[in-house]
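Encoded as structure tokens, the structure appears first; notes follow it.
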Protein chains: 2
Amino acid sequence: MASAPDRTPYPIAARLLLRDTLLDAMRDALAQRPWAEVTMADVARAAGVSRQTLYKEFGTRDAFGQAFVVREGARFLDAVEQAVRAHLDDPHTALEAAFDVFLTAAAEDPLVRMVLRDDGTEGMLPLVTTQSQPLVAGAAQRLASVMHDGWPQAALADVELLAECLVRLAISYAMLPTGPANMTAHSVTTLLGPYLEQALGEQR
Amino acid sequence: MASAPDRTPYPIAARLLLRDTLLDAMRDALAQRPWAEVTMADVARAAGVSRQTLYKEFGTRDAFGQAFVVREGARFLDAVEQAVRAHLDDPHTALEAAFDVFLTAAAEDPLVRMVLRDDGTEGMLPLVTTQSQPLVAGAAQRLASVMHDGWPQAALADVELLAECLVRLAISYAMLPTGPANMTAHSVTTLLGPYLEQALGEQR
DNA sequence: CTCCATATGTTGGCGAGCTTGACACGACTG
DNA sequence: CAGTCGTGTCAAGCTCGCCAACATATGGAG
């Protein structure tokens with residue numbers, strides 16, 4: 001025991017730091033003005049790097065935006081993951097709690113509210129819809145990992161399908177709620193619960 | 001309001017990250033073997049950096065060691081600063097609490113205990129004695145700042161003298177205790193309290 | 001419609017910093 | 001005494017971020 005926790009090497013840490021600094025700079029900027037009015041030059045300057053470094057790291061403005069929403073989404077996934085792990089003994093409740101905590105958090109998040117206010121001119125909407133492939137894929141991947149860890153008896157393919165649908169539903173309901181978070185969570189769980197239970201029951 | 005909290009620019013953050021990574025690597029290594037058996041190459045490799053980068057950043061092994069003890073000492077100063085700020089209304093108690101919290105924390109710290117076990121062959125002892133100029137200066141500087149902030153009526157020179165003596169006494173008692181922490185703290189406070197009170201009273 | 005301003009994306013040249021490999025020096029060991 | 005190991009230094013090479021400039025939309029003002 002007591003072996004080194006394998007410290008992250010400096011070059012890797014530095015790269016992550018660069019990305020984080022840039023993403024954080026965008027986050028700060030968005031607190032004051034909409035997405036469309038934040039230029040790449042603004043972000044670079046706020047992060048203390050040149051515009052070209054920003055382009056080299058993320059390629060294009062869209063890609064940068066995708067990386068941004070992916071990272072912001074990861075914050076929600078922290079809460080979701082926690083909710084799932086807290087109810088590993090009861091999959092039905094786990095699903096409902098996870099969905100509820102996500103919708104509640106999303107409804108309160110200032111960035112999410114900014115997206116909802118978007119009349120189409122602020123340009124952030126595509127990032128969570130037509131351009132949201134990385135966001136959906138990343139979130140589904142991570143959610144699938146959590147469920148696969150907690151319920152290893154389920155087939156991976158089943159879990160991945162469920163995870164992706166959950167993510168898509170979550171985004172959809174976050175953008176266009178039909179009722180209070182807990183009601184929506186209950187409905188979705190009613191809809192998908194049987195599938196999950198079947199997947200958990202059918203030991204291969 | 002709401003203006004940016006002036007995010008630390010990436011180049012500066014990267015430099016700090018480099019130093020921290022190297023210092024942390026040394027800290028990890030010291031958990032397994034004594035100072036003298038940790039080579040510069042070990043540290044560089046663990047940090048994911050070349051040996052020359054380590055030398056360029058810190059110059060020499062001694063300087064690296066000094067930077068190391070300075071940073072480790074800063075952790076104690078966090079606790080000390082908190083103790084002082086908690087008793088700004090009663091300087092006497094502030095001194096005693098600060099000294100007590102320091103000695104107690106030091107007595108429990110694994111790195112400090114390692115220094116105390118040093119029979120002279122492990123090579124870490126000079127860093128807190130003959131080579132400790134940066135440590136003493138840095139700690140005294142910071143402690144003086146804390147006191148100057150809390151008691152602005154005291155002359156800066158008085159505060160700086162007191163801070164340096166406190167630091168030197170603290171190191172001395174940490175290395176060679178004469179009794180339990182609270183007793184020592186009380187004694188030192190009895191000794192230096194009058195000076196502090198006079199400095200606080202003598203409004204210029 | 002034209003002209004100007006602004007932001008995105010790209011390119012080439014430049015400098016700083018990290019790396020590799022080698023070497024001199026001193027200390028410790030067989 | 002030779003061999004080994006760690007410190008400290010150097011030169012050359014390369015990566016990466018920086019700067020300056022440019023081409024290309026897009027949008028607004030006259």
Side-chain angles (χ1 to χ4, degrees), chain A residues 7-26 29-30 32-68 119-127 130-131, chain B residues 7-26 29-30 32-68 119-127 130-131:
Chain A
R7 178 161 307 290
T8 35
Y10 170 74
I12 296 175
R15 185 164 219 85
L16 292 179
L17 174 65
L18 174 58
R19 295 177 67 91
D20 275 347
T21 307
L22 288 165
L23 262 0
D24 286 347
M26 174 56 93
L30 285 180
Q32 298 176 350
R33 51 196 197 280
W35 170 267
E37 289 177 21
V38 180
T39 98
M40 299 293 269
D42 291 339
V43 174
R45 189 168 352 97
V49 302
S50 79
R51 199 166 57 95
Q52 287 67 20
T53 302
L54 172 56
Y55 275 102
K56 187 161 298 180
E57 187 60 36
F58 290 99
T60 155
R61 180 182 169 89
D62 277 347
F64 180 55
Q66 288 168 7
F68 180 74
D119 58 352
T121 62
E122 294 182 351
M124 208 166 161
L125 202 51
L127 291 176
T130 52
Q131 313 276 351
Chain B
R7 179 160 308 289
T8 29
Y10 170 73
I12 297 176
R15 185 167 216 86
L16 292 179
L17 174 64
L18 174 58
R19 294 177 67 92
D20 274 347
T21 306
L22 288 165
L23 261 359
D24 286 347
M26 173 57 93
L30 285 180
Q32 298 176 350
R33 50 195 196 282
W35 171 267
E37 290 178 21
V38 179
T39 94
M40 297 292 269
D42 292 339
V43 174
R45 191 170 349 98
V49 134
S50 82
R51 200 165 56 94
Q52 285 65 22
T53 301
L54 205 182
Y55 276 102
K56 186 157 299 183
E57 188 60 36
F58 289 100
T60 156
R61 179 182 170 89
D62 277 349
F64 179 56
Q66 288 169 6
F68 180 74
D119 58 351
T121 62
E122 294 182 352
M124 209 165 159
L125 202 50
L127 290 176
T130 52
Q131 313 276 352

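Values below: all heavy atoms of this structure, side chains included; hydrogens, waters and symmetry mates excluded. This one's a predicted model, so the numbers in the text were calculated from it and none came from an experiment.
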Can you give me the N/O atom pairs linking the protein to nucleotides 19-22 of chain C at distances under 3.5 Å, or say none if there are none?
{"unit_1": "C:dT19", "atom_1": "OP1", "unit_2": "B:Ser50", "atom_2": "N", "d": "3.3"}
{"unit_1": "C:dT19", "atom_1": "OP2", "unit_2": "B:Ser50", "atom_2": "N", "d": "2.6"}
{"unit_1": "C:dT19", "atom_1": "OP2", "unit_2": "B:Ser50", "atom_2": "OG", "d": "2.7"}
{"unit_1": "C:dT19", "atom_1": "OP2", "unit_2": "B:Thr53", "atom_2": "OG1", "d": "2.4"}
{"unit_1": "C:dG21", "atom_1": "O6", "unit_2": "B:Gln52", "atom_2": "NE2", "d": "3.1"}
{"unit_1": "C:dA22", "atom_1": "N6", "unit_2": "B:Arg51", "atom_2": "NH2", "d": "3.3"}

In whole angstroms, the gap separating C1' of C:dG17 from CZ of B:Phe58 amounts to 15 Å
DNA chain C nearest-nucleotide lookup for A:Thr39 and A:Tyr10: closer to the 5′ end is A:Thr39
Inset, instruction - Would you indicate whether B:Arg15, at its atom CZ, is surrounded by more than 12 heavy atoms from other residues, nucleotides or ligands within a distance under 6.0 Å? - result: no
Here the gap from A:Leu17 atom CG to A:Ile12 atom CD1, rounded to the nearest 0.5 Å, amounts to 13.5 Å
Whole-Å distance, B:Leu16 CG to C:dG17 P, equals 14 Å
From CD of A:Glu37 across to P of C:dA5 the rounded distance in Å is 20 Å
Counted 5' to 3', the first and last nucleotides of DNA chain D within 4.0 Å (strictly under) of a heavy-atom of chain A are D:dG17 to D:dA21
Check: So, the side chain of B:Gln66 versus the backbone of B:Gln131: is there a donor-acceptor pair under 3.5 Å, distance only?
Finding: yes
Residues passing the side-chain hydrogen bond (donor to acceptor under 3.5 Å, both in side chains) test with A:Arg45, sequence neighbours excluded, are A:Asp42
Rounding to 0.5 Å, atoms CZ (A:Phe64) and CE (A:Met40) come to a distance of 6.0 Å
Margin query: Between B:Val49 and B:Thr21, is there a side-chain heavy-atom distance shorter than 4.5 Å?
Written below: no
Expected rows: protein N/O vs nucleotides 24-28 of chain C N/O, under 3.5 Å:
none

Taken in chain and number order and not counting sequence neighbours, the residues that satisfy ring pair (Phe, Tyr, Trp, His ring centres under 6.0 Å) with A:Phe68 are none
Closest non-hydrogen atoms of B:Pro9 and A:Gly48, given as atom of the first, atom of the second and distance, are CB-CA, 4.0 Å
Solution key, residues 52-63 of chain B side-chain donor-acceptor pairs under 3.5 Å, sequence neighbours excluded:
{"unit_1": "B:Thr53", "atom_1": "OG1", "unit_2": "B:Ser50", "atom_2": "OG", "d": "3.2"}
{"unit_1": "B:Glu57", "atom_1": "OE2", "unit_2": "B:Arg19", "atom_2": "NH1", "d": "3.1"}
{"unit_1": "B:Thr60", "atom_1": "OG1", "unit_2": "B:Asp62", "atom_2": "N", "d": "3.2"}
{"unit_1": "B:Arg61", "atom_1": "NH1", "unit_2": "B:Val38", "atom_2": "O", "d": "2.8"}
{"unit_1": "B:Arg61", "atom_1": "NH2", "unit_2": "B:Trp35", "atom_2": "O", "d": "2.8"}
{"unit_1": "B:Arg61", "atom_1": "NH2", "unit_2": "B:Val38", "atom_2": "O", "d": "3.3"}

For A:Leu22 and A:Ala44, the nearest pair of non-hydrogen atoms, with its separation, is CD2-CA, 4.4 Å
